[in-house]
Amino acid sequence: MAEPIARLVLIGCVHSGSKFADINDFEKYVKLVDDKKIPTKLGILGDLFENAIPSRGKGMMFEQDLTPDEQIDDIARVLHPVREHILFACTSNHSRRTYQEVGIDMDKQLYKRLGVGGAYQGLQGTAMYQGKKIAFAHGHGSGENWTDSKKLYALYPDADIVATSHRHEMTAKWHGNFHIDGRGRKTKKYVLFARTGGLMDWADYAKAELYTPQKPGFTVLYFLPDGKVRVDTNGL
């Protein structure tokens with residue numbers, strides 16, 4: 001098997017501040033950029049912060065051991081040494097709680113502090129890497145597992161990869177569809193749907209809602225010399 005020429009680590013659902021989250025595992029993934037054998041970038045898909053606030057966090061308030069401000073400090077400490085390796089970033093439902101209450105975007109403040117505000121694209125966006133167009137957003141939990149990816153792909157039909165997070169599950173699939181080329185011909189197109197996982201243990205609120213526990217970890221994409229992409233959903 002050909003050796004990869006590049007790697008993209010899809011980071012999401014770190015949930016800094018939750019007593020069920022492991023910041024040490026987050027650091028292990030971030031430090032993959034130190035591996036000089038494979039050039040590595042980070043794609044950040046939101047929910048870096050638990051950010052449970054009284055009016056919106058509900059029971060999660062009692063499972064939080066850092067304030068929202070300390071959560072930004074926590075994530076900034078880990079990302080600062082590798083900030084130039086952040087390819088793209090978006091916001092998510094947990095950090096938007098503050099925005100919906102008082103209009104402050106925690107993610108925007110984080111990337112501004114890191115000096116890489118250009119990587120942050122708000123709710124959704126696209127980025128190019130190794131000749132592939134990547135559409136990305138945090139995603140949502142309603143519908144079957146790929147509902148949000150299909151919606152995102154509909155917004156960016158020229159994407160080669162659609163990256164989402166939110167459900168704490170490392171998984172991927174090839175989504176086949178038809179594409180009309182420049183000459184009006186109907187051709188097949190295959191798009192990689194990749195969902196990354198999270199670092200939460202089985203939190204009490206997840207038990208209460210009967211959510212299935214998921215293996216902690218992040219999905220990693222490996223780019224091969226022939227233009228193919230290999231997906232690792234095993235975690236570290």
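Keep in mind that what you see is a predicted model, and the values were worked out from it rather than measured.
In this structure, Cys13 and Gly197 approach most closely via the heavy-atom pair CB-O, 3.9 Å. Considering every non-hydrogen atom in both Thr126 and Ala135, the closest pair reads CG2-CA, 4.1 Å. The two residues Ser16 and Asp74 make their nearest non-hydrogen contact at OG-OD2, 2.7 Å. Nearest heavy atom pair, residue Tyr129 against residue Pro39, reads OH-O, 3.6 Å. Scanning both residues, Met200 and Pro216, for their nearest heavy atoms gives O-CG, 4.3 Å. Across all their heavy atoms, Ala137 and Gln124 have their closest contact at CB-CB, 3.9 Å.
Checked by atom type and distance alone, the side chain of Glu27 never pairs as donor or acceptor with a backbone atom of Val78 at under 3.5 Å. A donor-acceptor pair under 3.5 Å links the side-chain atoms of Arg83 to the main chain of His80, judged by distance alone. Side chain of Gln214 to main chain of Met170: no donor-acceptor pair is present (N/O by atom type, distance under 3.5 Å, no hydrogens or angles). Of the possible polar contacts, none joining the Gln130 side chain to the Phe223 backbone as a donor-acceptor pair under 3.5 Å is found. In terms of modelled atom types and a separation under 3.5 Å, the side chain of Thr40 and the main chain of Ile38 share a donor-acceptor contact.
Contacts of Tyr29 classified as ring-ring contact (aromatic ring centres under 6.0 Å, His included), with partners at least two apart in sequence or in another chain: Phe218.
Under the 4.5 Å side-chain contact rule for hydrophobic residues, Leu10 and Ile23 do not share a cluster. Clustering ILVMFWY residues whenever any of their side-chain heavy atoms sit less than 4.5 angstrom apart, transitively, puts Leu114 in the very cluster that holds Phe26. Linking ILVMFWY side-chain heavy atoms closer than 4.5 Å, directly or via other members, places Ile86 and Ile161 in two distinct hydrophobic clusters. Side-chain heavy atoms closer than 4.5 Å link hydrophobic residues (I, L, V, M, F, W, Y) into clusters, and following such links, possibly through other members, connects Val14 to Val9. Criterion: ILVMFWY side-chain heavy atoms under 4.5 Å apart, direct or through other members. Under it, Leu221 and Met128 are not part of a common hydrophobic cluster.
Considering CZ of Arg167 and OG1 of Thr196, their distance stands at 14.0 Å, rounded to 0.5 Å. Separating the CG atom in Leu8 from the CG atom in Leu42 is a distance of 8.0 Å, to the nearest 0.5 Å. For the atom pair Thr171 OG1 and Trp146 CH2, the distance stands at 4.5 Å (nearest 0.5 Å). The OG1 atom of Thr233 sits 8.0 Å away from atom NZ of Lys215, with the distance rounded to the nearest 0.5 Å. A distance of 9.5 Å separates OH of Tyr120 from CD of Gln109, quoted to the nearest 0.5 Å. Distance check, rounded to the nearest 0.5 Å: OG1 of Thr219 to CG of Leu45 gives 9.5 Å.
Contact annotation: the side chain of Asp47 approaches that of Asn93 to within less than 4.5 Å [non-hydrogen atoms, C-beta and beyond]. The closest side-chain heavy-atom distance from Tyr99 to Thr91 is not below 4.5 Å. Put simply, the side chain of Leu192 does not reach to within 4.5 Å of the side chain of Lys132, judged on heavy atoms. Side-chain contact between Phe20 and His15 is absent, with no heavy-atom pair separated by less than 4.5 Å. The side-chain heavy atoms of Val229 and Asp160, taken from C-beta on, include no pair separated by under 4.5 Å. Inter-residue side-chain proximity for Asp34 and His85 is flagged as unmet; no heavy-atom pair is nearer than 4.5 Å. Looking only at side-chain heavy atoms (C-beta outward), Leu48 and Ile11 come within less than 4.5 Å of each other. Between Val162 and Val191, some side-chain heavy-atom pair lies under the 4.5 Å cut-off.
Taking the charged nitrogens against the carboxylate oxygens, Glu50 and Lys19 have no contact shorter than 4.0 Å, which rules out a salt bridge. A salt bridge does not link Lys151 to Asp148: none of the charged side-chain nitrogens sits closer than 4.0 Å to a carboxylate oxygen. Under 4.0 Å is where a charged nitrogen must lie from a carboxylate oxygen, and between Asp158 and Lys189 no such pair does.
Ring geometry for Phe193 versus His175: interplanar angle under 30°, hence parallel rather than tilted (30 to 60°).
Under the side chain to side chain donor-acceptor pair (under 3.5 Å) test applied with His166, the options His140, His138, His94, Arg195 reduce to a single match, His138.
Atom NZ of Lys173 is surrounded by more than 12 heavy atoms from other residues, nucleotides or ligands within 6.0 Å. No more than 12 heavy atoms of other residues, nucleotides or ligands lie within 6.0 Å of NZ in Lys108, so this atom counts as exposed by the packing criterion. Atom OH of Tyr156 has more than 12 heavy atoms from other residues, nucleotides or ligands within 6.0 Å.
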Note to self: Please determine whether side chain to side chain contact (heavy atoms under 4.5 Å, CB included) holds for the pair Ile44 and Asp107, giving the CA-CA distance in whole Å, both sets of side-chain angles, and the decisive distance to 0.1 Å.
What the structure shows: CA-CA 10 Å; Ile44 303 180; Asp107 289 301; over 6 Å; no
Note to self: side chain to side chain contact (heavy atoms under 4.5 Å, CB included) for Lys188 and Phe178? Distances and angles first, verdict last.
What the structure shows: CA-CA 5 Å; Lys188 294 178 182 178; Phe178 289 104; 3.9 Å; yes
Check: Does the pair Glu70 and Arg77 meet the rule for a salt bridge (Lys or Arg N to Asp or Glu O under 4.0 Å), with working shown?
Finding: CA-CA 11 Å; Glu70 290 169 336; Arg77 174 185 60 80; over 6 Å; no
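A donor atom on one side chain and an acceptor atom on the other are found under 3.5 Å apart for Thr98 and Asn51.
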